[in-house]
Undergrad: 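The structure's right below; bear with me while I get my questions together.
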Amino acid sequence: MSSQLRPLAPLAENPKLKSGPGSSNSTAPGQNSRRASHSSSGRPDPLGTEVHLSASRIGPGVIPTGRMDVVPHEELSPEEKAKRLAAYAAVDEHVKDFHKVLGIGSGSTVPYVVERLCQPPHCYANSDRWYVPTGFQSKELIVKAGLNLGDVDQFPTIDVTIDGADEVDDELNAIKGGGACQLREKVLAEAATHFIIVADSRKDSHVLGQTWKQGVPIEVAPFAWAKVFVNLQKMGCEKPTLRMGKMKAGPVVTDNGNFVIDAVFSEPYMRDPAELLHRIKMLTGVLEVGLFVGMAEAAYFGYPDGTVMARWQDGRREQVDATKGLEIAESGKRV
Ligand SMILES: O=C(CO)[C@H](O)[C@H](O)COP(=O)(O)O
């Protein structure tokens, strides 16, 4: 080593870092220095622990504005309009002021959920509310919107989780994991008192596998993928595929460091998703299966004609008004 080089100061002695993010001296923006154990509402933190500072704000250059840019509704494609309307309707019908912990799913519909939550009247409850993400994408959404970021180990009980889906059948069973987030998505769906799905009308189906032809996404431990692959074939899977990365050599690696196998099963299997789920989950090396059976309380589907259809677990269907938040969206204002 050259004698010109001086060793780096240990982190604790570096004065620049003492007041930086993550330090115990720092007062980061928003609620970082607040103890979750005694929120301003007096609601105790379920684990009685102090919030991890590192979990509150992430990423270099990320400035939590507490605001979101809203694309004027007319500028969106019919599919995007449908997603926005479904998301707005679900938020308006299911998120109440007294809900203090919300789970945020993954995919292209969920940003509209966060968008609505940043608008009146929902935004007035945000300073005292915690948001738990299902993966990197939703974590970014939460942080960039300046919302309080939490994790499921702080909040193992969530009031409402709202998430997208790849396909939803007549009984509100769903295929999820098109974005490879199914493990965390299922943990947050299960942790939630109310689990609500938002999607555009293309996901509204009768039997799983009718519209989502890619197969059931299965998260597997990397070293076990080939064994699970062969066992899926033995189980009757027509076409297992190890999901490969785009612009990356090799397989997709999930937020949890695992691989994903997409497994196509024929209709008789898909007509009994509970049985299929249990059989796949019993394969050693499988961490989670993208079949969400009996979990959703309601699903909201946006249609290109601007209507939103809500479906309930008991089979009820009703058209709902999704226009409350559109005044803001149409103006394209920052909220
Ligand atoms: O399960 C998911 C990610 O793992 C998504 O929720 C699902 O793929 C739906 O995404 P989108 O809203 O883009 O249609």
Side-chain angles (χ1 to χ4, degrees), residues 71 76-91 102-117 132-142 152 158 160-169 172-192 195-205 208-220 241 243 245-246 251-263 273 277 286-293 295-296 298-304 308-309 322:
V71 178
L76 296 179
S77 68
E79 290 78 21
E80 292 302 308
K81 282 181 183 160
K83 290 178 192 179
R84 176 183 264 168
L85 290 171
Y88 278 26
V91 171
L102 300 185
I104 299 297
S106 307
S108 60
T109 314
V110 160
Y112 298 116
V113 170
V114 176
E115 182 179 286
R116 182 68 184 125
L117 286 163
V132 182
T134 50
F136 182 88
Q137 179 223 354
S138 45
K139 191 174 181 181
E140 287 279 284
L141 277 175
I142 292 166
V152 75
I158 293 172
V160 187
T161 292
I162 305 184
D163 201 348
D166 299 305
E167 189 174 2
V168 184
D169 75 7
L172 297 195
N173 302 315
I175 295 181
K176 287 186 49 55
C181 302
Q182 65 270 27
L183 171 57
R184 282 173 187 254
E185 287 174 338
K186 199 177 271 189
V187 171
L188 264 67
E190 207 173 274
F195 172 52
I196 310 297
I197 289 176
V198 288
D200 63 77
S201 58
R202 294 170 298 183
K203 318 294 180 63
D204 189 357
S205 181
L208 297 180
Q210 279 181 341
T211 60
W212 180 257
K213 300 291 183 191
Q214 197 174 307
V216 177
I218 304 166
E219 183 155 348
V220 296
T241 315
R243 196 182 294 181
K246 292 202 172 84
V252 164
V253 178
T254 70
D255 288 344
N256 317 302
N258 301 311
F259 292 172
V260 175
I261 295 176
D262 293 297
L277 165 62
V286 168
L287 298 163
E288 197 44 82
V289 184
L291 286 170
F292 286 48
V293 178
M295 300 186 92
Y300 288 74
F301 300 99
Y303 280 77
V308 175
M309 185 65 71

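For ligands, and for the atoms within them, numbers begin at 1 and follow the listed sequence. Counting begins at 1 with the first residue of the sequence. These numbers come from a predicted model, not from an experiment.
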Undergrad: Got the residues with a heavy atom under 4.0 Å of ligand 1, by chain and number?
TA: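 Contacting ligand 1 under 4.0 Å are S106, G107, S108, T109, D163, G164, A165, D166, K176, G177, G178, G179, A180, C181, E185, K203.
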
Undergrad: Apply salt bridge (charged side-chain N to carboxylate O under 4.0 Å, His left out) to E219 and list each qualifying residue two or more places apart in sequence or on a separate chain.
TA: none

Undergrad: Considering non-hydrogen atoms only, spot the tightest contact between A180 and V260 and give its length.
TA: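 Closest pair (atom of A180, atom of V260, distance): CB-CG2, 3.9 Å.
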
Undergrad: What are the two closest non-hydrogen atoms of A298 and Y300, and how far apart are they?
TA: CB-CE1, 3.9 Å

Undergrad: Would you say T134's side chain and I104's backbone share a donor-acceptor pair under 3.5 angstrom?
TA: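 Looks like yes, one N/O pair under 3.5 Å.
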
Undergrad: Per the side chain to side chain contact (heavy atoms under 4.5 Å, CB included) rule, which among I197, T109, V110 passes with D163?
TA: V110

Undergrad: Going by an N to O cut-off under 4.0 Å, is there a salt bridge joining R184 and D255?
TA: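 Looking at R184 and D255, the cut-off is not met.
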
